Asker: 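Let me begin by handing over the structure; questions about it come next.
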Amino acid sequence: MDIHTTIPADAKVKARVEALLSGMSLEAKIGQLVQLGGADFIPGPKPEDIIRRGGAGSVLWLNDTKRFNELQKIAVEESPSKIPLLFALDVIHGYRTIFPVPLAMAASWDPSTVERAQAIAAREARAAGLHWTFAPMLDIARDARWGRIVEGAGEDPCLGAAMAAAQVRGFQGDYLGAPDHVVACAKHFAGYGASDGGRDYDPVYLPEGQLRNVYFPPFRAAVEAGVGTFMSAYMDLNDVPASGNRWLLRDVLRGEWGFQGFVVSDAFAVGNLVIQGFARDGRDAAFRALSAGLDMDMASGTYLEHLAGLVEDGTLDMALIDDAVRAVLAIKVRMGLFEQPYTDESLLEQVVALPEHRSAARIAAQRSMVLLRNEGRLLPLAKDLKHVAVIGPVADSKPATEGSWMVFGHVPAAVTVLEGIRAKLPGATVEYAPGPEIRRDIPSWMENLDIMNSEPRKAPQTPAEAETAFQTAVETARRADVIIMVLGENASMSGEAASRASLDLPGRQEELLKAVAALCKPVVLVLLNGRPLSINWAAENIPAILEAWQPGTEGGHAVADILFGDANPGGKLPVAFPRKGSHAPLYYARNLTHSPESSPIYNPRYWDGLPTPLYPFGFGLSYTTFAITDLAVSAAQVRVGDTVSVTASVTNTGAVAGDEVVQLYIHQRAGSDSRPMRELKGFERVTLQPGETKTVTFRLGPSELGYWSTNLGHWVQDAAAFDLWVGADSLAELHAELVVE
Ligand code: NOJ
């Protein structure tokens with residue numbers, strides 16, 4: 001029977017792997033642990049020569065179905081062990097149909113939307129001949145300066161774990177090897193989001209309690225969802241690089257969590273163990289990475305060069321190589337590569353043309369947007385407007401609309417916000433002016449590679465050109481009845497190597513916003529960005545603000561749907577918005593202090609401005625209103641180990657249908673350790689017609705109430721009193737108590 005229609009039994013996979021392994025030379029085995037960079041910018045021998053010798057098990061940075069088939073033919077017909085290659089790429093938020101960036105997808109608070117998006121991404125990627133994506137990125141990020149915050153689900157472990165599981169299910173389907181799906185890769189294990197100062201790649205210092213209670217849960221959820229592979233992080237974690245970290249890769253990941261797949265390094269990371277000042281030389285790096293549990297070397301060539309020598313002189317135990325190879329082969333067997341190593345070169349165009357892909361992208365974008373302000377119910381706008389001005393440097397930018405991390409070689413083809421508004425208002429005059437350009441002060445090293453699909457390269461505007469653009473934008477706004485400002489960040493301003501020290505709107509955007517607001521006309525601000533921004537002035541002075549993130553291929557249509565009331569915003573912030581970049585890291589789940597806000601000696605933390613977020617975690621408005629009432633706990637007192645259910649009613653008290661995300665937070669009042677003043681423990685996004693009421697139910701049991709105690713050095717569930725809150729954001733006030741004895 002075709003392997004694509006049956007789930008191969010574990011025993012069968014094992015037997016097949018053993019049979020393959022027994023016929024392989026040491027060189028052929030090592031080849032399976034080597035991932036080759038297939039892009040032209042990688043120096044060294046041609047990929048076909050390495051593959052022909054059996055020197056590679058996987059290829060990345062290649063996105064060309066025809067070339068996949070050519071290389072695959074060499075692997076399966078000419079290499080000594082004839083084992084097919086696994087083709088891998090970063091398919092982060094869509095392959096051809098681009099979905100909102102992952103931070104935006106998390107703002108949907110809707111795992112089913114996220115699962116569907118990644119299933120479509122997988123389907124397109126697989127049709128192109130890819131087998132494996134380097135996603136999802138599961139790094140908790142509490143520092144908005146860190147550029148890669150855009151790739152994850154934000155600051156919270158509970159939301160992060162739900163998004164992790166949804167993405168793994170979406171990419172992989174019901175089982176590894178499901179038709180039209182790919183293998184997922186949980187990355188970057190672990191702690192990458194907590195780099196010192198939010199500076200990308202810098203070291204991370206996280207106590208074990210923080211790792212286990214905050215940074216690990218999304219990774220653990222991915223393992224439980226059956227993720228096939230893991231990627232180790234680049235940086236030092238508590239002075240041990242993640243790629244040479246035996247505690248992470250062996251003790252926790254395999255030992256405690258029972259992960260059975262394989263671990264790939266981040267790009268060049270094995271070789272970088274030398275640069276990082278950990279390994280003496282390449283040989284030492286190869287030895288330490290493999291011994292630590294890192295199975296596949298991404299692009300550094302260090303395994304290819306050194307592993308054989310290490311085995312031959314008895315330094316490295318052959319059994320370690322065999323185990324790593326087994327894990328790689330098992331994935332190849334499960335993926336059905338031995339039965340079907342090639343891809344039909346005409347498939348992709350049929351698959352990407354499926355209309356449901358575009359409509360899913362539009363719905364996902366609508367569902368991910370967060371309405372931050374709507375004074376006087378300025379939104380939704382009427383569709384009979386006569387003259388609209390769309391202003392701002394990202395309003396008509398396809399790269400900024402599709403966002404950070406598009407697929408290698410992809411040509412941005414998004415519907416921009418300007419195009420979406422024009423399509424929505426066929427009878428109106430819609431004028432556009434970009435205003436002064438925005439650009440990074442220091443370009444990214446990635447802009448020279450064709451990975452970023454960033455803005456077209458052109459010379460910087462002169463100050464005089466910028467001034468003309470500024471004045472033109474103001475004059476364009478002056479002629480209109482309503483002004484839609486579309487401000488934020490370029491695609492290259494967030495993502496890898498895209499950290500920044502300030503969270504202000506880059507360039508002269510705020511100045512332009514002020515000048516346009518001074519015209520005393522209705523102004524709506526639409527933000528396109530991959531991280532929280534400090535928009536303090538706008539938050540007080542611009543009546544309507546929509547956080548649209550980087551919304552993907554259908555982003556412009558989705559923005560217009562929301563602005564003109566064809567969709568009602570229901571997204572919620574997956575990260576707090578700090579008032580200043582220097583307030584980072586900022587997150588709601590902080591511990592209490594001896595001087596809490598309720599205390600008479602409350603110290604406001606900074607004397608030069610409020611330390612509280614401008615917009616809190618979990619926050620987002622709607623065109624309708626909701627009441628959350630009738631909070632009830634199934635038992636007021638329970639014993640350690642018991643589970644209670646927590647229920648609340650949510651009613652749409654307004655005049656239009658809409659979505660509310662009901663959120664449950666807890667606080668343990670005393671116990672073995674101090675615990676955060678609030679922690680999210682459950683959420684549900686519900687759709688309600690006007691006047692409709694639904695009941696939501698959450699469970700609180702040992703896994704929600706327990707935690708890793710630093711004081712005790714193990715997991716614990718304390719007998720303690722808890723505060724519970726249910727509401728529409730992390731400042732929820734509806735309160736109940738629970739006593740655990
Ligand atoms: C480096 C990035 O850190 C990682 O996320 C990505 O998957 C690899 N490069 C491969 O492109």
Side-chain angles (χ1 to χ4, degrees), residues 34-42 56 58-63 86-95 101-103 118 121 125 130-141 146-153 164 167 171 182-195 199-204 218-219 222 227-237 241-243 262-273 275-276 294 296-301 403-410 444-454 492 494-499 530:
V34 173
Q35 188 175 51
L36 208 64
D40 298 339
F41 61 79
I42 304 290
S58 175
V59 175
L60 87 158
W61 298 326
L62 188 65
N63 186 16
L86 202 53
F87 292 111
L89 202 66
D90 293 276
V91 180
I92 306 293
H93 53 113
Y95 177 80
V101 289
L103 187 65
Q118 298 303 35
L130 290 161
H131 309 120
W132 179 20
T133 178
F134 301 125
M137 190 200 90
L138 304 180
D139 297 307
I140 295 291
W146 188 53
R148 303 197 77 169
I149 194 170
V150 63
E151 293 176 57
Q167 293 194 73
F171 283 128
V182 295
V183 185
C185 181
K187 74 185 188 184
H188 309 82
F189 197 53
Y192 187 18
S195 61
R199 294 178 294 270
D200 206 3
Y201 313 140
D202 264 9
V204 169
F219 289 100
V227 72
T229 69
F230 258 60
M231 185 189 295
S232 60
Y234 274 129
M235 74 307 137
D236 285 1
L237 174 65
S243 306
F262 71 85
V263 179
V264 66
S265 73
D266 202 336
F268 312 108
V270 178
N272 288 351
L273 292 176
I275 304 176
Q276 268 169 258
L294 194 133
M296 188 181 278
D297 171 1
M298 184 192 286
S300 88
S404 165
W405 250 139
M406 280 166 284
V407 166
F408 193 84
H410 169 80
S444 167
W445 63 267
M446 295 174 102
E447 282 173 56
N448 294 329
L449 311 176
D450 285 326
I451 308 181
M452 291 274 292
N453 325 105
S454 219
S492 65
S494 57
E496 187 177 351
S499 293

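Both counts, for ligands and for their atoms, begin at 1 and track the order of listing. We count residues from 1, following the sequence as given. Bear in mind that the values here come from a model prediction, so they are computed numbers and not experimental data.
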Asker: Using a threshold of 4.0 angstrom between heavy atoms of the protein and any atom of ligand 1, which residues qualify?
Answerer: Leu60, Trp61, Asp90, Phe134, Arg148, Lys187, His188, Met231, Tyr234, Asp266, Ala267, Met298, Trp405, Glu496
Asker: Specify the closest pair of heavy atoms between Ala242 and Ser232, including all atoms of both residues, with the distance to one decimal.
Answerer: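 Smallest heavy-atom distance, with atoms named: O-CB, 3.9 Å.
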Asker: Rounded to the nearest 0.5 Å, what separation is found between the CE atom of Met296 and the CG atom of Leu60?
Answerer: 10.0 Å
Asker: Under a 3.5 Å distance rule, please check whether His188 uses its side chain to pair with a backbone N or O of Ser265 as donor and acceptor.
Answerer: no
Asker: Nearest 0.5 Å, what's the NE2-CE distance between His93 and Met137?
Answerer: 12.0 Å
Asker: Taking atom types as modelled and ignoring hydrogens, do the side chains of Trp405 and Asp90 form a donor-acceptor contact shorter than 3.5 angstrom?
Answerer: no
Asker: How close do Gly530 and Ser494 get, heavy atom to heavy atom, and via which atoms?
Answerer: CA-OG, 3.7 Å
